[in-house]
S.K.: 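Mind having a look at this structure? Questions to follow.
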Amino acid sequence: LAPFFNQLGFHVEAFDLQGFGVSDERKGHIDHFSTYRKDIALFLEKLRETVPGKGPFIYAESMGALITLDFLIHYPNAARGVLLTSPALKDNLPLSLWERMLIGCCALFKPKRTFSTHFEADKFTRDETIAKKIELDELEIRQITAKFFYETLKTMLFVNLNAKKI
């Protein structure tokens, strides 16, 4: 999307959150979602220095959209606007009650233990070509830690309860 918006005269910047994309941190792990809020605040601060006088718009999708909503509840005036695609507001992982209990225990006692996300690209699109690209994308997270899962569920609940504050 960035090249498209750049051609229209917009200044577009992007970064990978910790544990996602090409970031150096462990994939699929975070100790606290507050880390993401700090990262976004720092990114926006640097962006304001780079492009002074322009209020930032934030675009995010899926887990990034959930993280953005959490950020905006804590910093409601941080962006001039926001565009979110398919925010992860609900737990859709096909996990049994036993798996959920195991992950919950691990979040307390073995927080970096990893679990499969049961990722299936065809759940994201009906287009077989795009599904194949997603399936082959090495940056897609297919394993998450117990702590990441716990923090995600906690943040989903927080966002759903506090969305009116944005």
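Numbering of residues begins at 1 and proceeds along the displayed sequence.
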S.K.: Do Leu44 and Phe71 come within less than 4.5 Å of each other through their side chains, counting heavy atoms only?
M.R.: yes
S.K.: Find out whether Tyr150 and Thr152 are in side-chain contact, i.e. whether some heavy atom of one side chain is under 4.5 Å from a heavy atom of the other.
M.R.: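 Counting from C-beta outward, Tyr150 and Thr152 never come under 4.5 Å.
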S.K.: State, to 0.1 Å, how close Pro76 and Lys165 come at their nearest heavy-atom pair, and which atoms those are.
M.R.: CB-O, 4.1 Å
S.K.: Do the non-hydrogen side-chain atoms of Phe4 and Val12 ever get within less than 4.5 Å of each other?
M.R.: no
S.K.: Drop me the distance from Ile73's CD1 to Asn162's CG, to the nearest 0.5 angstrom.
M.R.: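 Separation between the atoms: 5.0 Å.
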S.K.: Rounded to the nearest 0.5 Å, what separates atom CG in Leu69 from atom CG in Asn160?
M.R.: 9.0 Å
S.K.: Quick one: CD1 on Ile103 to CH2 on Trp98, what's the gap to the nearest 0.5 Å?
M.R.: 11.0 Å
S.K.: State whether Arg37 and Asp70 are salt-bridged, where the test is any N-O pair (Lys NZ or Arg NE/NH1/NH2 against Asp/Glu carboxylate O) under 4.0 Å.
M.R.: yes
S.K.: According to ring pair (Phe, Tyr, Trp, His ring centres under 6.0 Å), who are the partners of His74, at least two apart in sequence or on a separate chain?
M.R.: Phe158
S.K.: Flag the pair Arg100 / Asp91 as yes when at least one side-chain heavy-atom distance between them is below 4.5 Å, and no otherwise.
M.R.: yes
S.K.: Can we say Glu151 and Lys154 salt-bridge, meaning some charged N sits less than 4.0 Å from an Asp/Glu carboxylate O?
M.R.: yes
S.K.: Looking at NZ of Lys132 and OG1 of Thr129, how far apart are the two atoms once the value is rounded to the nearest 0.5 Å?
M.R.: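 Those atoms lie 10.5 Å apart.
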S.K.: Would you say the side chains of Thr68 and Tyr59 form a donor-acceptor pair under 3.5 Å?
M.R.: no
